[in-house]
Structures are given as C-alpha cells and as structure tokens.
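As structure tokens, the structure follows; a few thoughts come after it.
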Amino acid sequence: MVDAARQPLIEVKAYTEVEKVEGFVGNFKVTLREKAKYVRADRCNGCGACAKVCPIEVPNYFEMNLAPRKAAYIPMSQSVPLIYNIDMDACIHCYKCVEACGPLEAIDFSMQDKIVEEEIGAIVVATGFSHFDPTPMEEYGYNRYPNVITAMEMERLNNSAGPTAGSLIRPSDGKKPQKLAFINCVGSRDKRFVESCSNFCCMYSIKNAVLVKQMYPNIDVTIYYMDIRTPSKGYEEFYNRARAMGIHFIQGRPAMITEDSETHNLFIHTEDIALGKVVEHEYDMVMLNQAAVPQPDQNHMSSVLNVAQSPGGWFMEYHPKLRPMDSPTDGIFFAGACQGPKDIPASVAQGSAAAARASRVLHSKTWQIEPTIANVWPDRCVSAQGRACGICERSCPYGAIDYTQGKAAEVITAKCHGCGACVAECPHDAITQLHYTDAQILSQIRTLLADKPEKKILALRCHWCSYGGADLAGTSHFEYTSNERGIKVMCSARMDADFIYEAYRLGAGAVLYSGCHQQDCHYITGQVIGAKRAKRLETIFERMNMTPGRFRVEWISAAEGDKYARVLNEMQATLDAMPEADLLAEIERLRPEMAKRLSRLPNIPGVQRALDHTQVVVNTILSREGAQ
Amino acid sequence: MSDELNKKEEELRIGVYVCHCGSNIAGVIPPKEVVNFAAELPGVVRATDTLYACADSGQRLIKEDIKKYNLNRVVVSACSVRMHEPTFRGAVAEAGMNPFLMEMANIREQCTWAHGHDREGALAKAKDLTASAVAKVSFLQPLDMINVPVSKKAMVVGGGVAGISAALDLAEQNIPVVLVEKEPTIGGVMAQLNKTFPTMDCSI
C-alpha cells in the first residue's frame, strides 16, 4: 500500500468511481467521478483534529461495523491516501471540525463531485470480491445468536489494530471464550447459494484457528469441514502444523446451531463422518467462513467496462487456460478475485501477470486492430442522389458515420468497430463489411443448406457471445443435434434480414438468430439493433403463419453452453414434431414470399458472381451426396 | 503481396487442411473422408489431413504447401477461431499470404465434441462446415491491419492486493498509472485481515 503511494508514477485516486469507458485498445477515454470528500487533499495533513472533535459516531464498515467511526473519518489509521473524509449522510453541520482544522483550512463544505477524463492505453480491472452474508442460512442463526460471527468479524476481533486491540472477546458478554468452533463452506459448495468452492476458506479458517491457538494455547478450537483443500505451496504443511498444535478437525457439514438463551452458548449439531454418527457439541463462540461472492456492483461494472460475466457473476476471461488475464475486449485485462475467488499469492501473481499483458500494449507506439470495418459504395447511397436517409448514421453505436444529405455517407475508419449494424440496416444495400460481405455470408448459407435443407437448423451467432456459447457446449460435451449449421458474424446487428429470408427460400427447417445479452454487447448498442430486427422478423413470420419455433431468437452468452445445447435440441424437437409432409408443404408455401423479399439481392455488388460460383460448390456437394 | 494476389484472384488455388487433433476429432470422424470430399470442391487444389495442424509440423506443412502448390487461399478445418485463428493467420502470413485469406471451419468444439455419439451426423456436419469455409474463402479479399496510436498511460480499477501489484509493476516499467479505488483508502480486503497464511506475516 505504502509502496503504491510512494511510487511517483502512480496517481492514487481513492474515493473515485469509473463512470464511463469509451474508445478502444490504446485509445480508451475514461470518465471518472471523484466523489466529494469535503476535505481538500492539497491541504489535509492527516492530523485527525477534525475526527477528535466530531460529535457524531456511525458504524465503521472497515471494522465490519463492530466499532464506530466519526462523521469526519479515515477508515483505518494506515489509510492511503491519509486524507480525512466528511460523511455527509451522517454530518450534522456543527462545523466543529472547521474550527479544529484552523489555519490549514482543509475542510471545504462547498466541495462537489468532480468529473475528470483520462486518456488511457490499457486497463487492468482488479475490483475484487465480496463476502456472502450468512443471514439467509437460518440454521446457523447469524444475526440472531450474538455469539455466531463471520470470519471477517473474527479478523477484526483478533487484530491488534482492531476494535478490541486484539483481545478476543465474545459479543454477548465481552468475556474471553474458552471453546471456539469454525464452520467452513458457509454458503459455498451449497446449491442454494454458491455452488463453487471459494478457494481460500480452508486455509483461512486454519489460519484464524492457529492465530487463536498461538495467542491463547488453552482455548479449545475445532474446525468443521467437508473437505480440507490445501493444494498450494506450503499449505499442507501449514495444515499439519495446525493439527500438531492440537486444533481439532471434524469432518461434517453442521446441520444446525442452537443456542442456550441464558448463557448464549451454542450447540453445533452435525454428523461426524469419522465416527459415523450424529453428534452435538457445545461452544461459546462460532465463526462462519463465508463464501466469496462477486461485488454487489459487479453487474454495473460489467456494463461500464463492457466485459461479460461467467456463471456465478465473476468477470469472464478470454480463455480460461490460455488467456486467463485477458478480457475479450482488446486492451482490458483482469487481475485478482474479480475473475473468480483467489487467495493473496494468486492475486499478487495475477496483478503482475495482468501488468505484463497490459505493458505489451503500453510499450508499443502503435497497436494493430482488425480491419473488418464497414465501407460505403458511394454510387448506391441514395443520399448522394439528394434523397434524405441517414439510417446508417442512426444505427451506428459509435457515431462513426458521416452523413450529410446530398453526399454519399462515409465511414470514419478510426471510429468504426465493425459491428455491421449499418450494413444490415441500409435499405439500399449501399454498405458492406470487410470480411463479412453479403456475398461471403450468402455463399456460406447456400453451401450449408445445399443438401436436405429441411433437416437443417441454420444458426446465426455473434462472434463474442453465442459463438463462444456454442464452443462451450462442445468443450463441456453437452451434446445437441448435429443438424445445426453455424455461421458467425461479429454482432447480431450484422444479421441481415436477407440472410434469414434466403435460408427459408432455400428450404431451411429452422433458423436460430442468436447474439449476446443486451448488457454484454461488445458494440454498445449493436445487440439492441439486432434485437429490434429480430422482433420485426418474428412479426413478419407470424403473419405468414410460419409454425412457431421454426424461427427462434435467443440471447446466449459465451458462458451459456448448456443453453446453446438446450435451444438447439428444442428446435430439433419442434422439427421432429412436424410431419415431414407438413413441413415441406409449409416451405413450399412460404418460398415465393421469401423470394419476393429477396428480389434486389442480385444487384448487390459481388453477390451474383458469388452465387453463381456457389452454385458450382452446391452442385459438387449434391453430386457427391447423391453418389454415396 | 496483396496486389499480386488480387491479380491472381481469378484463379482460385485453395488448400484445405483437416486436423485430427489427436483423437479429439479423429476419434469421432475419419478426417480422410472430409479430405476426399473437400478435394472435389471447386477451387481446391490441395486437400490433406494432419495430426495436429497447430503443431510446428502442421504449420510447416501449410507454409510449404503455400509455396509448393502456389496456394492463394487456405482453409483449416480444426478447432474454434477463438483458439487458433491467430496461429493460422500467423502461419500463412509467414509464407507470404495475406492473413485474411485464411478461414477456419470449427469441426472440434462445434462438431466432434458436441456430437460425440452421433458419428454419422458429425461427419456430415464436418463436411458442410468445411465446404462453407471453402465457399467463404473464395470471396475473401486481402486486408491490412489498422494501426492505431497508443496512449502510454494505464488505469487500474480497484486498489486491493491485485490492483496494487499490477500498478506497481506497470509504474516500475516507467508507465504512468491511475489507480482508481471507490473506497477512501486503497488496500481492499487484504488491509482488513490480521496475519496472512501460510507465512503469518502482516497484511499491510
């Protein structure tokens, strides 16, 4: 902490929130809100005179609310930076602090939140984790029995800098406890709350038990556990040391804690697996080792930073093994527990690793980004002919299109992120996307539906999320129908209505239209544009009396492999439920409708040539399939 | 090189590489059947299977073939683009081909791994996905990466033990860092802890 404050190249902005992140790798524009402290950083010397005279006391979050702080406060004596805060929610405006501060004049009640902007090349996200609140686990009586406390409360109670100056007392009567128990996996490895293992709690409860035993060798200490997990360096040895010190370990997940209402002593009821029977033991204090959970504002940060979340809510890495520090957005990296529960050595290591990943970008003068951007064919743009349009400009999430009536629209290369929204939205087919042209995608559709199209389910997926979801289905070996035929575009915004009409014209059994959830979109509002179009298509197909389920719109994240497999299997079931003759009749009935909507397709530059060539591919496939 | 390829665009010379991925793909479908199928597609002048396309030997095969068969397009039927697209783009670029003229067909994550108990269906799908990549690759244009400038300044969000570690490592490499913390002090959960395991040293 102190090193960070001393390092001249680190500017510590405490009491500051990230409001907005715009831009892209090498060129992020970050908006920060420096919250008003009502104490001027350039004048406060951290003497604490203001806190001494402040008459207001409120619970201190830093002490797990076990001790009070003043309305003029620092959370702890070693705070970095050492600048006091006035808590305006608690302050009664008596101005005693102003008086006590005297000639320094550091206290300034007129201060307001300040919005600042920073030009940033790379971002390391290290927003950490939070603790599971055991109150909903009624069987353990937390918040009902005074002597049931959490591990974090224990941290403060036996800490020499804590509210009791390190002397361990029990909350009900302030006496030193004689018999202590720790319960592991509280809320974790529990399907009702957090299914996963919280990684560090075994070591953490052993540590607290060892600390108590070192300080008070006569206290009887027991740890209740399901499994002891000590895989890292020096951990098993530490566990053995705890056993040698006389700490008891009982394997069993306690079912219930009851209390003697007079003594406030506690009874743990559990199965002792070693004995093979149900036991009951009395303690005068019990500590709950809570699960690690994502920060309460993790969802909000996920949309501010534009990074997706894994199951359980943690930030999702680009690849769990090969790129564990990278977010899927170029130039944004993760460190520590925001990506999943981690202990201190792992968090420090990840901090260094994320710094190394970020420094690749930051040490470069320039960085390369993909050229898969949009391009306008000026001769096809109706604006150049003097007509009013501007649909492309309105659909662009980045303001990357320069539209003036009378001139052909133009794409500003540096601003275009390549979502393809303008390409699919342009009613005159005057825009194309490099590497994802209509010609390329239509030729893929024709190839995939060459043989027995009525059996096939064409799946359009966005690059970042639903393609990843399909990958995860495979990686997890969630099996689904092999009649699925996938096509990848960068964003659901690129999923041109023409692609879907063409699929049905060719006789596709079903079509899946699938992208990210709205809050996960890599292109700000790309998904919104894609979703609106999907809604329009749903209405159109409903009016055509298409069998429900043959066109399906689903938002599937890269973490939802199970959902991808389930959706495809449900679509297969819809097809299986239709008599083949009915399906073929419906395809034939709708074919002219679809063809009508595609009449302008051959006019798009390159499309006719591509379709002619693809016909050769299709013929090759058919001749071969027929021969088999 | 791009201009040269543009001139040659009329005549497609596509190479198709079907990966076994050990038994990950070959344990479910016979890659040779996909190769035989792909070899007949228009524009394909070379089709072969390879035990591990991503291994040095696999990449070398592709690079050598680009020269030997004068290939101007490459299709790799293997794993996810999220896994190895950068690998194969790099490999073809080393052989002088524009990296955007390479396309992958995902016949592992999205085929053999998802249809392990439906070998026939998986084989039909692997062929279709390969054909679809061959179709797409036929219309690909050489593209150049866009170079953007980099602001030499980092932001670390969160002043806990991980954030402090990242900020220090960056600053010690002479990179200015803004360390943003929502609470009034940095330190995070670690600062609240008494001693830390397994060495029992102080946390601050």
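Below, chain A is the first sequence line, B the second, and so on; all start at residue 1.
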| message | Checking an interface table here. Which of residues 107-125 of chain B come within a heavy-atom distance under 4.5 Å of chain A? | response | B:Glu109, B:Gln110, B:Trp113, B:Ala114, B:His115, B:Gly116, B:His117, B:Asp118, B:Gly121, B:Ala122, B:Ala124, B:Lys125
| field | Close approach to chain A in residues 160-173 of chain B, criterion heavy atom under 4.5 Å | value | B:Val161, B:Ala162, B:Gly163, B:Ile164, B:Ser165, B:Ala166, B:Ala167, B:Leu168, B:Asp169, B:Leu170, B:Ala171, B:Glu172, B:Gln173
| request: Give, as side chain, backbone, both or neither, the part of A:Thr481 having an atom under 4.5 angstrom from any heavy atom of chain B. | output: backbone
| request: Using side-chain contact (heavy atoms from CB on, under 4.5 Å) as the criterion, list what pairs up with A:Pro75, not counting sequence neighbours. | output: A:Tyr61, A:Phe62, A:Tyr73, A:Ser79, B:Pro184, B:Thr185
| request: Carefully, step by step, assess B:Asp65 and B:Tyr17 under the rule side-chain hydrogen bond (donor to acceptor under 3.5 Å, both in side chains). | output: CA-CA 10 Å; B:Asp65 278 5; B:Tyr17 299 86; 2.8 Å; yes
| query | What part of A:Met154 gets closer than 4.5 Å to chain B, counting heavy atoms only: side chain, backbone, both or neither? | reply | neither
| said: As a test of understanding, state which of A:Tyr204, A:Phe200, A:Tyr235 forms a ring-ring contact (aromatic ring centres under 6.0 Å, His included) with B:Phe197. | reply: A:Tyr235
| note | Max heavy-atom pairs within cutoff under 4.5 Å with chain A, candidates B:Asn174, B:Thr199, B:Val148, B:Val189, goes to B:Val148
| said: Tell me if a side-chain donor or acceptor on B:Ser57 pairs with a main-chain N or O of B:Ala55 at a distance below 3.5 Å. | reply: no
| said: Any non-hydrogen side-chain atom of A:Phe333 less than 4.5 Å from a side-chain atom of A:Ile123? | reply: no
| query | Which answer fits A:Asn85, side chain, backbone, both or neither, if we ask what part of it has an atom under 4.5 Å from a heavy atom of chain B? | reply | side chain
| message | Would the distance check show the side chain of A:Gln350 and the main-chain N or O of A:Gly336 forming a donor-acceptor pair, the cut-off being under 3.5 Å? | response | yes
| query | Are the side chain of A:Lys29 and the backbone N or O of A:Gly23 linked by a donor-acceptor pair below 3.5 Å? | reply | no
| task | Just give me the residue among B:Ala154, B:Ser132, B:Gly43 that pairs up with chain A most often, heavy atom to heavy atom, under 4.5 Å. | result | B:Ser132
| message | Set out, in order, the CA-CA distance, both residues' side-chain angles and the distance that settles side chain to side chain contact (heavy atoms under 4.5 Å, CB included) for B:Asn106 and B:Arg82, then state yes or no. | response | CA-CA 10 Å; B:Asn106 184 341; B:Arg82 290 159 69 99; over 6 Å; no
| request: Check whether B:Val81 gets within reach of chain A through its side chain, its backbone, both or neither, counting any heavy atom under 4.5 Å. | output: both
| said: Under 4.5 Å from any heavy atom of chain B, what part of A:Asn208 do you find: side chain, backbone, both or neither? | reply: neither
| request: Give the member of A:Ala565, A:Gly351, A:Gly486 that has the highest number of heavy-atom pairs under 4.5 Å with chain B. | output: A:Gly351
| field | Proximal component of A:Ile445, with respect to chain B [non-hydrogen, under 4.5 Å] | value | neither
| said: Tell me whether B:Asp49 contacts the main-chain N or O of B:Cys19 through its side chain, where contact means a donor paired with an acceptor under 3.5 Å. | reply: no
| request: Please step through salt bridge (charged side-chain N to carboxylate O under 4.0 Å, His left out) for the pair A:Glu118 and B:Lys153, ending with a clear verdict. | output: CA-CA 9 Å; A:Glu118 294 275 356; B:Lys153 192 173 194 181; 2.7 Å; yes
| said: Let's test your reading of the structure: which of A:Ile373, A:Ile441, A:Ile369, A:Thr127 forms the most heavy-atom pairs below 4.5 Å with chain B? | reply: A:Ile369
| field | Check: B:Arg73 side chain, B:Val137 main-chain N or O, donor-acceptor pair, under 3.5 Å | value | yes
| field | chain B contact via A:His131 - which portion, at a heavy-atom distance below 4.5 Å | value | side chain
| message | Please determine whether a side-chain nitrogen of the Lys or Arg among A:Glu17 and B:Lys182 lies less than 4.0 Å from a carboxylate oxygen of the Asp or Glu. | response | no
| message | Less than 4.5 Å apart, side chain to side chain, heavy atoms only: is that true for B:Lys127 and B:Glu33? | response | yes
| field | All salt bridge (charged side-chain N to carboxylate O under 4.0 Å, His left out) counterparts of A:Glu63, not counting sequence neighbours | value | A:Arg156
| What option among A:Gly234, A:Ser359, A:Ala354, A:Ala335 has the most heavy-atom pairs under 4.5 Å with chain B? | A:Ser359
| Residue pair B:Ile62 / B:Phe88, side-chain heavy-atom distance below 4.5 Å | yes
| Most chain B-contacting option - heavy-atom pairs closer than 4.5 Å, from A:Val124, A:Thr413, A:Thr447 | A:Val124
| Under 4.5 Å from any heavy atom of chain A - which part of B:Asn24 | neither
| Just by distance, do the side chain of A:Asn27 and the backbone of A:Val25 share a donor-acceptor pair under 3.5 Å? | yes
| Is any side-chain heavy atom of B:Val156 closer than 4.5 Å to a side-chain heavy atom of B:Val178? | no
| request: Examine whether an atom of A:Asp343 lies under 4.5 Å from a heavy atom of chain B, and if so say whether it belongs to the side chain, the backbone or both; otherwise answer neither. | output: side chain
| message | Shorter than 4.5 Å, heavy atoms on both sides: which option in A:Thr475, A:Thr230, A:Val125 has the most such pairs with chain B? | response | A:Thr475
| query | Where on A:Glu237 is there a heavy atom nearer than 4.5 Å to chain B: the side chain, the backbone, both, or neither? | reply | neither
| message | Under a 4.0 Å threshold between the charged nitrogen and the carboxylate oxygen, would B:Arg89 count as salt-bridged to B:Glu103? | response | no
| query | Does B:Asn98 reach the side chain of B:Asp144, with side-chain heavy atoms less than 4.5 Å apart? | reply | yes
| query | Does A:His435 have its ring centroid less than 6.0 Å away from the ring centroid of B:Phe100? | reply | yes
| request: Examine whether an atom of A:Gln444 lies under 4.5 Å from a heavy atom of chain B, and if so say whether it belongs to the side chain, the backbone or both; otherwise answer neither. | output: both
| query | Is chain B contacted by the side chain of A:Ala470, its backbone, both, or neither, given a heavy-atom distance below 4.5 Å? | reply | both
| said: If we define contacts as heavy-atom pairs under 4.5 Å, which of A:Glu119, A:Gln7, A:Met203 has the most with chain B? | reply: A:Met203
| field | Heavy-atom contact with chain B under 4.5 Å, split by part of A:Val616 | value | both
| query | How many angstroms lie between CD1 in A:Ile487 and CD in A:Gln440, if you round to the nearest 0.5 Å? | reply | 11.5 Å
| field | Which atoms of A:Tyr564 approach chain B - backbone, side chain, both or neither, heavy atom under 4.5 Å | value | neither
| Side chain, backbone, both or neither: which part of A:Ala459 has a heavy atom under 4.5 Å from chain B? | neither
| Interface moiety of A:Lys342 toward chain B, non-hydrogen atoms closer than 4.5 Å | neither
